[in-house]
Amino acid sequence: MGYQGQRPAILPQSDLDDRENLVSEHSHKGKACRQSAAVFNVVNSIIGSGIIGLPYSMKQAGFPLGILLLFWVSYVTDFSLVLLIKGGALSGTDTYQSLVNKTFGFPGYLLLSVLQFLYPFIAMISYNIVTGDTLSKVFQRLPGVDPENLLIGRHFIIVLSTIAFTLPLSLYRDIAKLGKISLISTVLTTLILGIVMTRVVSLGPHIPKTEDAWIFAKPNAIQAVGVMSFGDLFENYCRNDDLVTFGRFCYGITVILTYPIECFVTREVIANVFFSGNLSSVLHIIITVAIITVATLVSLLVDCLGIVLELNGVLCAAPLIFIIPSACYLKLSEEPRTHSDKIMSCVMLPIGAVVMVVGFVMAITNPQDCTHGQEMFYCFSDNFSLTNISISHFQLTTQLSILNISIFQ
């Protein structure tokens with residue numbers, strides 16, 4: 001009896017079929033969940049906070065030219081992805097890193113890894129800057145809170161948000177677990193867009209137009225190509241605007257929830273270069289903490305978002321999007337020089353080099369004014385409120401001439 005009690009039970013065929021169906025259904029649901037998480041992560045990474053700051057790049061380039069550049073950069077990015085796929089097929093590789101390694105050897109692989117690390121790492125610094133600037137204004141609006149209180153200052157908020165939110169979320173090993181977080185971030189972005197559109201209708205007509213608002217192109221167009229990323233849009237609104245305060249809160253949360261995705265990329269690059277893609281639990285924690293600590297320290301020292309975005313765009317984005325994919329395809333492809341892909345690659349490569357060099361020089365020699373923490377001129381009048389707008393166009397124009405401040409500075 002004892003021996004029979006340990007014999008494996010033989011299930012009827014119908015039960016075996018049911019078990020197989022359950023396992024298959026569970027596997028299918030798990031795959032579907034991972035795919036959904038991947039979609040939300042991609043949307044959050046691309047749109048999450050990027051769509052909010054397009055006005056910054058439009059200001060740099062001039063609105064008409066900025067629109068054209070936006071479509072052009074979108075097309076070039078798509079074409080670069082096609083080149084990477086074709087280059088992978090020609091070289092028998094399936095990743096960006098292995099493609100560059102096969103094409104240009106270890107030096108090329110090392111250069112790509114440095115760029116792939118710096119781009120999201122600098123983005124993490126940008127996210128911290130935005131979080132500190134945005135949420136500090138939210139907490140200043142709380143009743144009974146002293147605006148000079150250090151506990152609502154940007155430095156304390158950056159440290160607090162890092163310890164309480166971004167670090168714990170970044171410690172996940174599986175990026176699919178951030179799918180729900182990315183969904184929340186995407187929903188908040190939709191709310192933010194609604195708030196911005198509402199203020200366009202209610203506030204826009206009462207602000208005098210700047211003289212160069214519709215100029216076709218500006219000298220900083222090359223810097224705009226490098227940026228085409230998010231800027232601190234909410235710096236343009238008054239601090240006593242309750243609707244915008246809620247928008248700032250949503251924006252800060254969105255940025256915090258997008259931060260871990262960038263950290264995943266930086267950690268993955270380090271793992272691939274130094275540890276063959278495999279990190280033990282201890283190394284995973286150490287590297288994550290080290291990356292976030294350095295990013296936090298830099299963001300505490302730098303409070304001007306514009307220069308950070310410009311340098312990240314021209315030094316990292318331009319070679320990653322324009323130069324390297326084109327160079328790999330030109331070296332691997334045996335198509336004739338008149339082939340459309342080769343012609344386009346020959347155009348993209350020098351353009352990327354020009355954007356990188358000229359953009360860097362302009363960012364250093366002609367830095368944009370950083371008006372961190374300053375109120376806009378239309379927020380100074382005691383009679384001006386967003387619920388009861390009574391200030392006249394003449395009064396605003398007079399204030400503008402006295403203060404000599406641009407609306408977007």
Side-chain angles (χ1 to χ4, degrees), residues 26-50 94-97 113 115-132 134-135 157-190 229-230 249-300 312 316:
H26 178 74
S27 176
H28 176 73
K29 288 183 178 180
K31 184 178 181 180
C33 290
R34 291 185 66 87
Q35 290 177 342
S36 300
V39 170
F40 290 136
N41 285 333
V42 170
V43 171
N44 185 30
S45 179
I46 297 175
I47 300 179
S49 49
D94 56 2
T95 66
Y96 199 172
Q97 296 93 334
S113 299
L115 294 174
Q116 286 185 318
F117 175 85
L118 287 178
Y119 187 73
F121 180 75
I122 297 176
M124 291 165 61
I125 297 173
S126 303
Y127 289 146
N128 277 338
I129 295 174
V130 173
T131 300
T134 303
L135 294 184
I157 290 176
I158 290 174
V159 174
L160 179 63
S161 64
T162 298
I163 296 175
F165 299 103
T166 56
L167 178 57
L169 292 175
S170 299
L171 285 173
Y172 280 122
R173 296 184 70 98
D174 186 2
I175 196 172
K177 293 184 178 180
L178 295 177
K180 295 180 180 179
I181 299 298
S182 296
L183 175 60
I184 296 173
S185 177
T186 305
V187 172
L188 291 177
T189 300
T190 305
S229 181
F230 69 92
F249 176 76
C250 294
Y251 188 32
I253 299 301
T254 297
V255 170
I256 289 175
L257 298 182
T258 309
Y259 184 104
I261 296 178
E262 308 295 343
C263 185
F264 265 79
V265 178
T266 59
R267 186 176 58 230
E268 188 72 13
V269 172
I270 293 179
N272 290 335
V273 174
F274 297 102
F275 304 98
S276 301
N278 298 316
L279 291 177
S280 64
S281 298
V282 175
L283 280 176
H284 173 83
I285 295 174
I286 293 175
I287 292 175
T288 302
V289 172
I291 292 172
I292 293 181
T293 299
V294 176
T296 302
L297 291 176
V298 175
S299 60
L300 292 175
N312 199 23
C316 299

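This is a predicted model, so every value here is computed, not measured. All values below were derived from every heavy atom in this structure, side-chain atoms included, with hydrogens, water molecules and symmetry-related copies excluded.
Judged purely by distance below 3.5 Å, without hydrogens or angles, the side chains of Glu268 and Gln116 never pair a donor atom with an acceptor atom.
Ile125 contributes atom CD1, which lies 7.0 Å from atom OG of Ser299 (distance to the nearest 0.5 angstrom). The distance from the CD1 atom of Ile253 to the CD1 atom of Ile184 is 10.0 Å, given to the nearest 0.5 Å. In this structure, CG in Leu169 is found 9.0 Å from CG in Leu171, a value given to the nearest 0.5 Å.
Considering all non-hydrogen atoms of both residues, Val269 and Ser113 come closest at CG1-O, 3.3 Å. Arg173 and Ser280 get closest at one heavy-atom pair: NH1-O, 3.6 Å. Ser170 approaches Arg267 most closely through the heavy-atom pair O-NH1, 2.7 Å. Considering every non-hydrogen atom in both Met124 and Ile291, the closest pair reads CE-CG2, 3.7 Å. Nearest approach of Leu135 to Gly252, heavy atoms of both residues: CD2-CA, 4.0 Å. Taking both residues in full, the closest heavy atoms of Phe264 and Tyr172 are given as CZ-O, 2.8 Å, listed atom of the first, atom of the second, then distance.
A side-chain contact (heavy atoms from CB on, under 4.5 Å) with Asn128 is found for exactly one of Ile157, Leu300, Val298, Thr296, namely Thr296. Remark: of the listed residues Leu279, Leu283, Ile287, Ile287 is the sole one forming a side-chain contact (heavy atoms from CB on, under 4.5 Å) with Ile270.
In this structure, the side chain of Thr266 engages the main chain of Cys263 through a donor-acceptor pair within 3.5 Å. For Ser276 (side chain) and Asn272 (main-chain N/O), no donor-acceptor pair under 3.5 Å exists by modelled atom type. Under the 3.5 Å distance criterion, the side-chain polar atoms of Ser185 are left unmatched by any main-chain donor or acceptor of Ile181.
Remark: Phe121 CZ is packed, more than 12 non-hydrogen atoms of other residues, nucleotides or ligands lying under 6.0 Å away.
Proximity of Leu167 to Val289: side-chain heavy atoms (C-beta onward) are separated by under 4.5 Å at one or more points. Looking at heavy atoms from C-beta onward, Val255 lies out of side-chain contact with Tyr259 at the 4.5 angstrom threshold. Taking the side chain as every heavy atom from C-beta outward, Phe117 and Val273 never approach each other to under 4.5 Å.
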